[in-house]
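Quick notes on the structure that follows.
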Amino acid sequence: MFDTWRMKIDILEALLELLAPRLCVACALPVAGTGSEVEGFCLACAPLLEPSERPEALYLFAGPMQQAIHRMKYRRHSEVALALGSLIARFLESRPEAAPYEALVPIPTRRARVLQRGGHSLALMARAVSIAAGIPYRPAWLRKVRDTPPQSKLDLARRQYNLRGVFRACPEVSGKRILLLDDVRTTGCTLAEAREALLSAGAREVRMLALASTPL
């Protein structure tokens with residue numbers, strides 16, 4: 001299934017390149033050719049990407065990756081979300097444990113924040129991962145039952161208290177092996193609380209994965 005979807009995406013990308021030049025997801029300059037080994041990043045930005053210091057994240061939230069995520073989240077560039085989703089899918093393709101996942105669940109976002117930003121960038125990125133990696137996309141399996149203040153303004157203790165009981169999983173997660181996806185991991189409180197909600201509802205296994213993580 002992965003090969004079929006990968007072929008479709010490659011064909012679509014080839015057609016799009018004929019109509020308009022691909023732009024780097026970080027610096028927004030044209031990506032010349034396909035020499036970059038990192039999906040969506042130009043040859044100048046790709047070497048500046050740093051691997052995450054945490055096992056549940058791909059890259060460090062700094063430099064070009066930070067630029068790309070900011071463009072995705074705050075400037076409403078849907079093409080960046082799709083490129084970053086494809087990058088995650090390629091990472092999963094290289095990991096043999098990716099195949100058994102029975103559902104991909106993104107971290108729910110506050111409705112007010114989705115409206116403020118004009119879209120749910122994480123959901124769009126997660127859909128791209130789902131299509132390319134062949135993992136069923138199940139956003140309704142995890143809900144945020146109450147709004148919370150932005151986590152970035154709180155210290156670790158207040159973040160943990162703020163998130164206590166904020167997520168609720170549906171019965172369909174029971175017995176399933178789930179990939180829980182977020183864009184940026186900071187303290188890990190959000191991912192941990194969401195994972196606990198899924199496990200409490202009966203999920204067999206939950207793997208947490210973020211595109212990037214803040215420095216230790």
Side-chain angles (χ1 to χ4, degrees), residues 1-2 51-61 69 73 81 84-85 87-89 91-114 120-152 154-214 216:
M1 179 178 286
F2 180 91
S52 171
E53 301 154 317
R54 302 179 184 276
E56 65 272 21
L58 276 65
Y59 294 96
L60 198 64
F61 185 60
I69 292 175
K73 295 177 70 169
L84 295 178
L87 178 61
I88 295 172
F91 168 79
L92 292 172
E93 181 186 15
S94 68
R95 298 298 190 274
E97 69 271 20
Y101 291 126
E102 298 165 276
L104 188 155
V105 177
I107 292 289
T109 302
R110 291 191 305 136
R111 179 175 175 79
R113 186 172 298 181
V114 172
H120 194 341
S121 57
L122 175 58
L124 186 58
M125 187 178 76
R127 282 182 180 273
V129 177
S130 168
I131 291 172
I135 305 172
Y137 178 60
R138 298 291 183 262
W141 283 13
L142 185 66
R143 296 185 299 114
K144 200 170 188 179
V145 296
R146 59 180 171 83
D147 278 349
T148 55
Q151 291 291 95
S152 59
L154 306 176
D155 59 26
L156 178 58
R158 292 182 65 193
R159 287 184 187 212
Q160 292 171 330
Y161 179 79
N162 187 48
L163 288 168
R164 195 169 300 160
V166 75
F167 297 115
R168 184 171 300 163
C170 69
E172 283 81 0
V173 307
S174 182
K176 299 296 193 298
R177 190 164 187 247
I178 295 171
L179 178 65
L180 179 63
L181 187 68
D182 202 357
D183 45 20
V184 180
R185 179 203 185 281
T186 50
T187 62
C189 294
T190 301
L191 279 167
E193 190 68 26
R195 179 177 183 270
E196 181 59 33
L198 291 165
L199 291 173
S200 296
R204 179 161 61 97
E205 183 181 341
V206 180
R207 181 189 176 184
M208 302 181 295
L209 183 65
L211 173 63
S213 67
T214 54
L216 291 172

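Predicted model, so just to flag it, every value in this text is computed and none were measured. FYI, side chains are in, hydrogens and waters are out, and symmetry mates aren't considered; it's all heavy atoms of this structure.
In this view, Arg185 and Glu56 satisfy the side-chain hydrogen bond (donor to acceptor under 3.5 Å, both in side chains) rule, not counting sequence neighbours. Residues meeting the side-chain hydrogen bond (donor to acceptor under 3.5 Å, both in side chains) test with Ser174, sequence neighbours left out: none. Scanning for side chain to side chain contact (heavy atoms under 4.5 Å, CB included) contacts around Glu205 gives Arg177, with sequence neighbours left out. Ile107 is linked by a side chain to side chain contact (heavy atoms under 4.5 Å, CB included) to Leu122, Phe167, Leu180, Asp182, Thr190, Leu191, Ala194, counting only residues two or more places apart in sequence or in another chain. Under the side-chain hydrogen bond (donor to acceptor under 3.5 Å, both in side chains) criterion, Glu196 pairs with Ser200, not counting sequence neighbours. Under the rule for a side-chain hydrogen bond (donor to acceptor under 3.5 Å, both in side chains), Thr214 has no partner lying at least two apart in sequence or in another chain. Not a single salt bridge (charged side-chain N to carboxylate O under 4.0 Å, His left out) links Arg143 to another residue, sequence neighbours left out. In this structure, the side chain to side chain contact (heavy atoms under 4.5 Å, CB included) partners of Leu124, at least two apart in sequence or on a different chain, are Ser78, Ala81, Leu82.
Within 6.0 Å of CZ in Arg127 there are 12 or fewer heavy atoms belonging to other residues, nucleotides or ligands.
You'll find the side chain of Ile88 reaches within 4.5 Å of the side chain of Leu181, heavy atoms only. Residues Leu209 and Leu92 have side chains in contact (heavy-atom distance under 4.5 Å, counting atoms from C-beta outward).
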Show the atom names and distances, to 0.1 Å, of all donor-acceptor pairs under 3.5 Å that link a side chain in residues 132-142 to residues at least two apart or in another chain.
none

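From Met125, atom CE reaches atom CG of Leu87 across 9.5 Å, with rounding to the nearest 0.5 Å.
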